[in-house]
Amino acid sequence: MRKCQNQENTGMKVGFIGLGNVGGKLSGSLLRNGVDLTVHDLNADLVAGFVAKGAKAADGPAQLMRDCDAVITCLPSPAASDAVMQEMLPEVTDGKIWMEMSTTDEAEVKRLGGMVIARGGAAVDCPVSGGCHRADTGNISIFAGCDRATFERILPFLTTMGRRILHTGELGSASVLKVLTNYLATANLITCCEALVVAKAAGMNLNTAYEAMKISSGTSFVHETESQVILNGSRDISFTMDLVLKDIGLFQEVADRAGVPLEMNPLMIEIFKDGIAKYGPRELSPNIIKRLEEKTGLDITAPGFPPEMTDDEPEEPGYEVIPQGL
């Protein structure tokens, strides 16, 4: 599959650091669509796989920033992004672009981005949303926080990796909105788990319950994706409990800085802390339902649901989303 769009971005060299569940799919879209791509990851096998498909390999973050026009990071934690930035920063010069696609803290991305800008570069926080299955097909949504001139420079890359692209405002704004949307997704997951367990306990057929939720005012993106792998029993959405806890923890920090006394999120944090204590930090996040399965003795599975989500929409050119009223 290819975007089949005007490849304005092929004249620029792009570096990509972090070839994991999400990063490997985003960088795959760049490579598939003809972008001049150099990659780096601590896992040499992942790098070798990209080299076999036509990418170049870098010795490390410093070489990537030195040799490329734009460097994208997609890493598991703010600490990892900081470590990579310390290696890249001496190589930042006028016109270089750093694009942070990790889910990170607003204050941290502003701190790191400020160092890039001070050396004459440009910085963007551009996290993604919509699930690994959509990252794989280039149909995921991407938020981008930066000045408008930088946004227009990187828009061709963003529309190659994603379908719906939203310019959220200045640096840091995308990270705030990303953790906000992950908070909502986590709340949806917890309520879907409770609804399915109550349905089973009340004697409902779970296949019918799934459809009732799907066609009603109670539906959501999370229900239409994660409820399916819950009912299959695989619970596999390539996302783990420690990552959920990180994301809702970041949302709590945003709320605390803004002076908002949240009620739901602190409870959700405790629920996932309990899930991690019971099942481990790398347990698949939809298995938070096991807490209720074990308490009730019920098995929340049903026939006919897929073990993992796949994107059956064709890969299409991305476009900028314009907020209503702007």
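Because the structure is predicted, anything quoted here is derived from the model rather than measured.
- A distance-only check finds a donor-acceptor pair linking the side chain of Asp125 to the backbone of Ala174 [under 3.5 Å].
- Between Glu320 and Arg164 there is no salt bridge, since no side-chain N of the basic residue sits under 4.0 Å from a carboxylate O of the acidic one.
- A donor-acceptor contact shorter than 3.5 Å links the side chain of Arg119 to the backbone of Val92.
- Of the possible polar contacts, none joining the Tyr279 side chain to the Leu284 backbone as a donor-acceptor pair under 3.5 Å is found.
- Using modelled atom types, no side-chain atom of Asn21 and backbone atom of Cys132 make a donor-acceptor pair closer than 3.5 Å.
- The two residues Met88 and Thr73 have their closest heavy-atom pair at CE-CG2, 4.2 Å.
- With respect to the salt-bridge test (charged N to carboxylate O, under 4.0 angstrom), the residues Asp36 and Lys56 qualify.
- Looking at Lys178, its side chain never comes within 3.5 Å of a backbone N or O of Met101 through a donor-acceptor pair.
- Here the side chain of Thr191 pairs a donor or acceptor atom with the backbone of Ala187 at under 3.5 angstrom.
- Taking the side chain to side chain donor-acceptor pair (under 3.5 Å) definition, one finds that Lys278 meets it with Asp274, sequence neighbours left out.
- With sequence neighbours left out, the side-chain contact (heavy atoms from CB on, under 4.5 Å) criterion links Pro266 to Gln252, Leu262.
- Between Glu283 and Arg235, none of the side-chain N atoms (NZ, or NE/NH1/NH2) sits under 4.0 Å from a carboxylate O, so this pair counts as no salt bridge.
- A salt bridge does not link Glu315 to Arg163: none of the charged nitrogens lies less than 4.0 Å from a carboxylate oxygen.
- A salt bridge links Asp82 with Arg111; the closest basic N to acidic carboxylate O contact falls under 4.0 Å.
- In this structure, Asp105 pairs ionically with Arg257, as a charged nitrogen and a carboxylate oxygen lie closer than 4.0 Å.
- Without hydrogens or angle criteria, Lys200 side chain to Asn205 main chain gives no donor-acceptor distance under 3.5 Å.
- Remark: side-chain polar atoms of Ser102 are not paired, donor with acceptor, to backbone N or O of Thr104 under 3.5 angstrom.
- Of the possible polar contacts, one joining the Glu293 side chain to the Ile300 backbone as a donor-acceptor pair under 3.5 Å is found.
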